[in-house]
A.B. asks: 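Below you will find the structure I want to go over with you.
A note on names: the letters A, B, ... follow the listed sequences, proteins ahead of strands, and every chain is numbered from 1. As the structure is a prediction and not an experimental result, all values here were calculated from the model.
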Amino acid sequence: MLSIKDLHASINGKEILKGFGLEVKPGEVHAIMGPNGTGKSTLANILAGKQDYDVTEGTVTFQGKDLLDMAPEERAREGVFLAFQYPVEIPGVSIANFMKASLNEVRKHRDLQPLDAVEFLKVMKEKMRFVEIDEKLMRRAVNEGFSGGEKKRNEIFQMAMLEPTLSILDETDSGLDIDALRIVANGVNKLKNENNAFIVITHYQRLLDYIVPDFVHVMYNGRIVKSGGKELALELEAKGYDWIKQEVDATV
Amino acid sequence: MAEEIDIIDQVTQSDYKYGFVTNVESDNAKVGLSEDTVRFISAKKNEPEWMLEWRLKAYKAWLQMTEPTWPNVHYPKIDYQKIIYYAAPKPKKVLNSLDEVDPEILETFKKLGIPMEEQKILAGVAVDVVMDSVSVKTTYKEKLKELGIIFCSMSDAIKDYPELVQKYIGSVVPVRDNYFAALNSAVFSDGSFCYIPKGTRCPMELSTYFRINEANTGQFERTLLIADEGSYVSYLEGCTAPMRDENQLHAAVVELVAMDNAEIKYSTVQNWYPGNKEGKGGIYNFVTKRGICQGINSKISWTQVETGSAITWKYPSVVLKGENSIGEFYSVAVTNNYQQADTGTKMIHIGKNTRSRIVSKGISAGKSQNSYRGLVKVNPNAENAYNFSQCDSLLIGDRCGAHTFPYLEVSNKSAKVEHEATTSKIGEDILFYCNQRGLSTETAVQLIINGYCKEVFQHLPMEFAAEAQKLLAVSLEGSVG
Ligand SMILES: Nc1ncnc2c1ncn2[C@@H]1O[C@H](COP(=O)(O)OP(=O)(O)O)[C@@H](O)[C@H]1O
Ligand SMILES: [Mg+2]
């Protein structure tokens, strides 16, 4: 589904991704862990199509198409979803209006009729229950005055609405209490099926108690330095990142 | 058309009854402004003596005034002696099909979703539809006549309803009110006149749109609208179609009078040519709009959507004289590229229990500058006056500017004045977030703008609101990304 090969990218002349590679197949959950500043958000942003970066080398293929060649909105319509690490506020636009525009844009791309207001509200209410989000939030402007936890839940709610093929969760767990964490994880688990895939970027192992990954990758200094099964996450939790850093730095 | 030629004939054949020596045969006034110019205009329009006297008085006042420099706009000094103050209405060039119309204009029509038939009318294409519009206009006029409503050009009103015009012209915006008002009073070309009789509810939106194919009203438009006791009228000015004009300076005056229990809703969509992307060639729009709530329980609401002009200087105001009267101002002002707008309102509370509400939404994009300037004044006798002001600014990108200048003069202790202001910005982060949800940048901007302007749009008549939404999208096209 997603094939990233030897990706190099820089921002303001500084190279952040240094030969990143990853293969994701339908039905898989990949966890990417790694110390701060290692390039995890950069990877997520580049996959979603943020313009600030220069991709100097490498390829990204998504369902047979050159992902890097598409505008960010096309990628979204093709089924790439990014749950942002820091969701922004959108002044004056209610979540309901925002999601209606968004969902209908995605449906149009899939040759589906737009939902009318009644149908939309029905779907929306269902998905809101799914992430246990307060209905009152729906009339508020997107993320305006939301708590950190509400913002993250709103991301998962949007993911549930759009039913993406590939979801990238960028530290959706940071700043969540255990209840919110469980809600977010449940959301992912319920959406998961054999046709879609998830890349879960996280700093801590605890999210992986709830979302069980098929693969765990350790990212350091712009690329994956170690991959394994879910046990790798536990090992990292116990030993920290230093031993990996030392291992990598020794081989350079 | 026949009507137009008729007017020109009448004018050119009239004798020089004011002892006036300029050559009346020529269609245009000589360049520049002098007493002769004023006489020339008045003679051309075949005006009665009192009107000429009024104009001359205004001209003399203007000579003693200076152009205001306080607005937050910058433009090269206007040479008032280089302007032609009167050009005879030229018959519009008749085109045979839409193929002959400037493709850029057609493109805009399409974007605005103006139906094909209307496009033809607006572009001046000679087809049956024009005939239709004439017949629509005729039925419309008949209906108004039945109700005793007067709706005609200012020139006609001066001839046909001199008592009304004489009584009210300059009563709300005095000749000496400001530099541009004085200029307009001296040289006004034409405009609309409207009188709603006692107890009459005007059953349709009165719209200048219906007069669009009549003679060009020129650069110094003058409008006077009187709502007599217990009457109601909703008046629409302008049109979302782009308006081009070779005259760069526009200085209009609009006066509204609401008597006891009368209500006037005045809606404007202004889309004058803003100049090109470098800011060249746009129109300077210096407008004085004011209404007076003369009677008890009367109400005047201004609703405006301003997207055009290179420079806008405009403060639709309400003088709240009658007890319990209400003044409202709902405004969306958009500036893009190099446009500059200094706009806002004045609410002057004179009577007891008068209330006013100001909702101003400024949107700046490109390298434009958008200023809100508002005055709330409560006179000593205005017991329990109440004002609520909401002034919001939205910035698109980071090369534009938004400024707010609220002025408060409260001389009555029982008055209550509330002011709220916000500034938000549509930055790249927000747009990327929207893109990531499948929305194109244009759609995202539109969504945000529509949410932002909702409170103003809901005061526009329905069809107008839909058009205004599209107009905003077109005006802001290319402002991001
Ligand atoms: N605009 C920028 N200019 C220069 N460096 C940047 C910019 N944005 C991010 N970086 C740097 O890129 C590196 C990777 O950041 P990021 O992808 O956010 O890491 P992570 O998500 O793994 O914590 C960091 O060293 C950060 O300082
Ligand atoms: Mg990060």
Side-chain angles (χ1 to χ4, degrees), chain A residues 44-53 70-110 139-144 151 154-155 157-159 161-164 167-168 170, chain B residues 330-332 334 359-365 390-398 400 402 420-458 468-470 472-473 476 478 480-481:
Chain A
N45 285 337
I46 288 177
L47 293 178
K50 198 167 162 87
Q51 303 298 314
D52 308 348
Y53 306 91
M70 292 183 223
E73 60 270 31
E74 286 176 63
R75 301 180 197 201
R77 294 170 198 164
E78 285 281 335
V80 175
F81 181 91
L82 170 60
F84 287 85
Q85 183 172 3
Y86 304 108
V88 293
E89 299 181 0
I90 305 182
V93 184
S94 69
I95 299 186
N97 270 343
F98 182 68
M99 262 298 108
K100 185 158 183 281
S102 169
L103 181 60
N104 282 337
E105 212 52 80
V106 169
R107 287 178 65 90
K108 192 162 90 191
H109 189 74
R110 294 175 188 163
R139 265 172 276 138
R140 299 243 302 265
V142 180
N143 293 325
E144 216 166 60
K151 284 184 184 173
N154 185 23
E155 295 293 289
F157 159 71
Q158 295 179 37
M159 183 173 85
M161 289 295 292
L162 298 176
E163 302 182 333
S167 303
I168 305 158
D170 190 1
Chain B
Y330 300 99
S331 166
V332 170
V334 180
V359 177
S360 159
K361 305 274 179 175
I363 301 171
S364 348
Q390 169 87 45
C391 302
D392 297 329
S393 308
L394 183 68
L395 300 166
I396 303 179
D398 33 43
C400 51
E420 282 175 18
T422 66
T423 302
S424 0
K425 189 173 150 187
I426 308 185
E428 271 176 35
D429 284 358
I430 289 180
L431 292 174
F432 179 58
Y433 189 92
C434 296
N435 291 156
Q436 214 303 303
R437 300 302 185 248
L439 304 172
S440 69
T441 299
E442 310 270 73
T443 310
V445 171
Q446 214 170 320
L447 198 64
I448 296 170
I449 300 283
N450 288 348
Y452 178 75
C453 300
K454 204 166 55 200
E455 224 180 318
V456 173
F457 284 162
Q458 73 193 17
Q469 276 194 12
K470 285 190 198 140
L472 289 200
L476 289 168
V480 278

A.B. asks: Would you mind checking which part of A:P87 comes under 4.5 Å of any heavy atom in chain B, side chain (CB onward), backbone (N, CA, C, O), both or neither?
C.D. replies: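 Both backbone and side chain.
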A.B. asks: For the residue pair B:F457 and B:Y452, establish whether any side-chain heavy-atom pair is separated by less than 4.5 Å.
C.D. replies: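 Not in contact.
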A.B. asks: Please tell me if the side chains of B:V445 and B:L431 come closer than 4.5 Å, counting only heavy atoms from C-beta onward.
C.D. replies: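 Answer yes - side chains close enough.
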A.B. asks: Side chain, backbone, both or neither: which part of A:Y86 has an atom under 4.5 Å from a heavy atom of chain B?
C.D. replies: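 Neither the backbone nor the side chain of A:Y86 comes within 4.5 Å of chain B.
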A.B. asks: Tell me, side chain or backbone of A:L82 under 4.5 Å from chain B's heavy atoms, or both, or neither?
C.D. replies: both
A.B. asks: Can you find a pair of side-chain heavy atoms, one from A:P164 and one from A:M159, that are under 4.5 Å apart?
C.D. replies: yes
A.B. asks: With heavy-atom distances below 4.5 Å as the criterion, would you say the side chains of B:Y330 and B:Q458 are in contact?
C.D. replies: no
A.B. asks: So which residue, B:L439, B:D429, B:I430, ends up with the most heavy-atom pairs under 4.5 Å with chain A?
C.D. replies: B:L439
A.B. asks: Evaluate the side-chain proximity of A:P91 to A:E144: yes if any heavy-atom separation is below 4.5 Å, no if none is.
C.D. replies: yes
A.B. asks: Counting heavy-atom pairs closer than 4.5 Å to chain A, which one of B:S440, B:A444, B:C453, B:S424 comes out on top?
C.D. replies: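 The residue among B:S440, B:A444, B:C453, B:S424 with the greatest pair count is B:S440.
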A.B. asks: Against chain B, label A:E89 side chain, backbone, both or neither, depending on which of its atoms sit under 4.5 Å from a heavy atom there.
C.D. replies: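 For A:E89, the backbone is the part near chain B, not the side chain.
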A.B. asks: Is A:N45 close to chain B through its backbone or its side chain, or both, or neither, when contacts mean heavy atoms under 4.5 Å?
C.D. replies: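 It is both, since atoms from each part get that close.
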A.B. asks: Please identify, among A:A71, A:S94, A:G49, the residue contributing the most non-hydrogen atom pairs under 4.5 Å to chain B.
C.D. replies: A:G49
A.B. asks: Near A:R110 CZ, under 6.0 Å, is it more than 12 heavy atoms from other residues, nucleotides or ligands?
C.D. replies: yes
A.B. asks: Report which part of B:C434 has an atom under 4.5 Å of a heavy atom belonging to chain A: side chain, backbone, both, or neither.
C.D. replies: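 Interface part for B:C434: both.
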A.B. asks: State whether the number of non-hydrogen atoms from other residues, nucleotides or ligands found under 6.0 Å of B:E428 atom CD is greater than 12.
C.D. replies: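 No, not enclosed.
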A.B. asks: Side chains of B:L472 and B:Q446, heavy atoms from C-beta outward: is any pair under 4.5 Å?
C.D. replies: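 Counting from C-beta outward, B:L472 and B:Q446 never come under 4.5 Å.
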A.B. asks: Count the heavy-atom pairs under 4.5 Å between each of A:Q158, A:M161, A:R75 and chain B, then report the option with the highest count.
C.D. replies: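 Max contact count across the listed options: A:Q158.
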A.B. asks: Name the option with the most non-hydrogen atom pairs under 4.5 Å to chain B; the candidates are A:E78, A:H109, A:E105.
C.D. replies: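 When all of A:E78, A:H109, A:E105 are compared, A:E105 has the most.
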